[in-house]
Amino acid sequence: MIPREFEYHVPKTIPDALRLLTQFGDEAKLLAGGHSLLPMMKMRFAQPGHLIDLGKIRELKGIREDAGTLRIGAMTTENELIWSKLVQDKCPLLVEGARLISDPQVRYKGTIGGDISHGDPANDHPALMLALGASFVLKGSTGQRVVPADGFFVGTYATLMQPGEIMTEIRIPVPAPGTGYCYSKLKRKVGDFATAAAAVTLRIKGETVQEAAIALTNVGATVLKAVAAEDSLRGKTLSDASIAEAARLAMSICDPVEDQRGDAEYKTAMAGEMTQRALRTARTRAH
Ligand SMILES: Cc1cc2nc3c(=O)[nH]c(=O)nc-3n(C[C@H](O)[C@H](O)[C@H](O)COP(=O)(O)OP(=O)(O)OC[C@H]3O[C@@H](n4cnc5c(N)ncnc54)[C@H](O)[C@@H]3O)c2cc1C
């Protein structure tokens with residue numbers, strides 16, 4: 001299908017982009033990699049009269065470490081994450097997750113900021129962000145705020161971001177050395193979204209779990225943080241029994257919709273399976 005006619009704007013700075021957002025209000029949409037927005041425009045689910053392309057704003061690019069925090073510009077592409085030595089060294093979970101997003105074409109253009117801002121429960125970054133304890137910098141015409149990933153995703157395609165705001169940066173506390181991690185994703189074929197996936201980070205001391213974070217992709221209206229499953233592991237040894245119990249608790253919060261990837265029962269079972277696999281792999285990587 002063909003999208004509605006629109007005017008195309010290419011601001012060079014964040015203040016210019018914010019001015020355009022204020023000027024055109026509900027008629028405006030921000031364009032990042034376009035891999036979610038353009039299909040929606042072609043199907044006329046989104047019909048903006050003004051597209052504001054963020055692609056020429058230098059401040060939105062780049063990855064750096066600052067006082068134990070990775071600071072990633074919202075317009076950083078999936079491939080830039082994957083190729084970054086800094087991210088490989090400091091946050092391999094993010095590399096593992098980004099590598100599982102779609103196919104090379106999507107990863108060349110799709111951005112971390114777009115993936116998060118879109119608020120799609122099928123997208124992979126939301127679960128990675130919850131497992132990593134990330135926060136997001138949102139700029140508006142009256143200033144900026146920093147909001148935690150936990151609580152940011154409020155519904156399908158709905159986040160805490162207000163009209164007139166731009167996500168400028170993703171902040172990820174560098175996981176402590178020895179943190180176990182895994183993103184376990186079931187997909188039908190290369191290029192597909194998750195049938196179900198689990199992102200895990202794990203701190204183990206001796207045999208005892210100190211901290212566990214578990215987040216689930218595409219098994220609810222939003223990404224899900226499996227809080228009861230996390231709590232069940234803290235202070236315990238990671239055994240077959242405790243892993244199975246955490247998976248059971250993770251499954252208990254799933255409420256997926258039936259589609260071509262399977263019915264609710266199958267997807268819920270796969271969320272449990274992905275949780276178990278992610279925990280087992282994270283355990284082998286923790287030290
Ligand atoms: C075939 C295919 C398969 C895919 N498979 C996967 C997958 O397996 N996993 C996955 O996670 N994703 C997948 N995607 C989605 C892909 O990762 C998109 O790139 C991503 O969802 C959106 O990022 P984008 O940069 O393309 O954003 P865009 O499509 O340009 O924008 C998406 C939305 O976010 C808003 N937005 C973008 N940037 C900002 C910002 N900085 N501040 C505020 N709002 C902003 C836009 O206005 C728009 O509403 C797939 C896409 C395709 C086409």
Side-chain angles (χ1 to χ4, degrees), residues 3 6 8-9 11 14 17-18 20-21 24 26-43 45-57 59-62 72-82 94 96-130 136-140 144-145 147 152-153 156-170 183 185-197 199 215-218 222-223 261:
F6 55 85
Y8 177 68
H9 307 267
I14 294 172
L18 289 171
L20 288 163
L21 265 186
F24 297 115
D26 288 348
E27 272 290 291
K29 264 286 187 195
L30 297 170
L31 174 68
H35 274 297
S36 292
L37 181 57
L38 297 186
M40 289 193 118
M41 286 171 62
K42 286 184 174 180
M43 290 186 285
F45 291 138
Q47 303 194 45
H50 295 267
L51 263 195
I52 303 170
D53 188 343
L54 300 175
K56 293 278 187 272
I57 303 179
E59 297 153 87
L60 295 178
K61 281 279 196 186
I72 302 172
M75 285 297 288
T76 303
T77 64
E78 305 301 347
N79 272 343
E80 286 165 348
L81 291 175
I82 293 166
L94 195 51
E96 183 162 274
R99 284 178 64 86
L100 290 168
I101 290 178
S102 193
D103 52 39
Q105 279 169 305
V106 171
R107 294 195 292 264
Y108 263 110
K109 288 296 284 182
T111 66
I112 182 170
D115 195 278
I116 295 166
S117 302
H118 196 46
D120 186 341
N123 277 2
D124 295 295
H125 278 298
L128 298 168
M129 296 299 111
L130 287 180
F136 310 133
V137 181
L138 309 178
K139 279 198 178 153
Q144 83 167 38
R145 59 191 179 125
V147 297
F152 178 76
F153 303 96
T156 304
Y157 304 122
T159 70
L160 286 186
M161 199 151 35
Q162 295 296 314
E165 284 185 317
I166 298 177
M167 181 176 293
T168 56
E169 189 176 81
I170 291 85
Y183 191 54
K185 175 173 174 176
L186 175 68
K187 52 180 175 175
R188 297 172 304 171
K189 60 183 176 60
V190 169
D192 196 17
F193 289 90
T195 301
L216 307 172
T217 299
N218 216 7
T222 69
V223 59
R261 295 183 185 87

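Order of listing sets the numbers, starting from 1, for every ligand and every atom in it. Every heavy atom of this structure was used, including side-chain atoms; hydrogens, water molecules and symmetry mates were not.
Geometrically, ligand 1 and Met167 share a nitrogen or oxygen pair separated by less than 3.5 Å. Annotation: Gly34 places an N or O atom under 3.5 Å from an N or O atom of ligand 1; distance criterion only. Distances between N or O atoms of Glu78 and those of ligand 1 include no value under 3.5 Å. At least one N or O atom of His35, backbone or side chain, sits closer than 3.5 Å to an N or O atom of ligand 1. For ligand 1, the polar-atom distance check against His125 finds no nitrogen or oxygen pair separated by under 3.5 Å. Taking distance alone, with nitrogen or oxygen atoms compared against 3.5 Å, Ala32 approaches ligand 1 more closely than that limit. Ligand 1 has an N or O atom lying under 3.5 Å from an N or O atom of Gly33, backbone or side chain.
Here the closest heavy-atom approach between residue Pro39 and residue Gly34 is recorded as CD-O, 3.4 Å.
The protein atom (non-hydrogen) at minimum distance from atom 33 (C) of ligand 1 is His118 ND1, 3.6 Å. Here the heavy atom of the protein found nearest to atom 48 (C) of ligand 1 is Leu30 O, 4.1 Å. Nearest protein heavy-atom neighbour of atom 35 (C) of ligand 1: Ser117 CB, 3.9 Å. Counting only heavy atoms of the protein, atom 17 (O) of ligand 1 lies nearest to Asp115 OD2, 3.2 Å. Protein heavy atom nearest atom 15 (C) of ligand 1, with residue, atom name and distance: Ser36 OG, 3.7 Å. Regarding atom 50 (C) of ligand 1, its nearest protein heavy-atom neighbour is Phe193 CZ, 3.3 Å. Here the protein heavy atom with the shortest distance to atom 3 (C) of ligand 1 is Ser102 OG, 3.1 Å. For atom 52 (C) of ligand 1, the nearest non-hydrogen atom of the protein is Val106 CG2, 3.8 Å.
Near Gly110, meaning under 4.0 Å from one of its heavy atoms, ligand 1 places the atoms 19 (O), 25 (O), 26 (O). Atoms of ligand 1 lying under 4.0 Å from at least one heavy atom of Ile166, given by number and element, are 42 (N).
In this structure, the separation between CD on Gln162 and CG on Leu138 is 9.5 Å, given to the nearest 0.5 Å. Note: Thr111 OG1 to Leu54 CG = 8.0 Å, rounded to the nearest 0.5 Å. For the atom pair OG1 (Thr217) and CG (Leu186), the distance works out to 11.5 Å, reported to the nearest 0.5 Å. Rounded to the nearest 0.5 Å, atoms CG (Leu31) and CG (Leu51) are 5.5 Å apart.
A donor-acceptor pair is defined here as one N or O able to donate and one able to accept, closer than 3.5 Å; no such pair exists between the side chain of Lys185 and the backbone of Gly97. Judged by distance alone, the side chain of Asp103 and the main-chain N or O of Val106 form a donor-acceptor pair under 3.5 Å. Looking at Asp120, its side chain does come within 3.5 Å of a backbone N or O of Ala122 through a donor-acceptor pair.
Both the backbone and the side chain of Leu37 come within 4.0 Å of ligand 1, judged by heavy-atom distances. At a heavy-atom distance under 4.0 Å, only side-chain atoms of Lys185, from C-beta outward, approach ligand 1. The side chain of Met161, and not its backbone, has at least one atom closer than 4.0 Å to an atom of ligand 1 (non-hydrogen atoms only; side chain from C-beta on). With a 4.0 Å heavy-atom cut-off, ligand 1 is reached by the side chain of Leu54 but not by its N, CA, C or O.
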query = When you look at Ile116 and Met167, which way does the side-chain contact (heavy atoms from CB on, under 4.5 Å) test go after all the steps?
reply = CA-CA 9 Å; Ile116 295 166; Met167 181 176 293; 3.7 Å; yes

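A donor atom on one side chain and an acceptor atom on the other are not found under 3.5 Å apart for His35 and Gln105.
At least one heavy atom of Asp192 lies less than 4.0 angstrom from ligand 1.
A salt bridge links Glu80 with Lys61; the closest basic N to acidic carboxylate O contact falls under 4.0 Å. Using a 4.0 Å cut-off between a side-chain N of Lys or Arg and a carboxylate O of Asp or Glu, Glu169 and Lys139 do not qualify as a salt bridge.
Using a 30° and 60° split on the angle between ring planes, Phe24 and His50 fall in the parallel class, below 30°.
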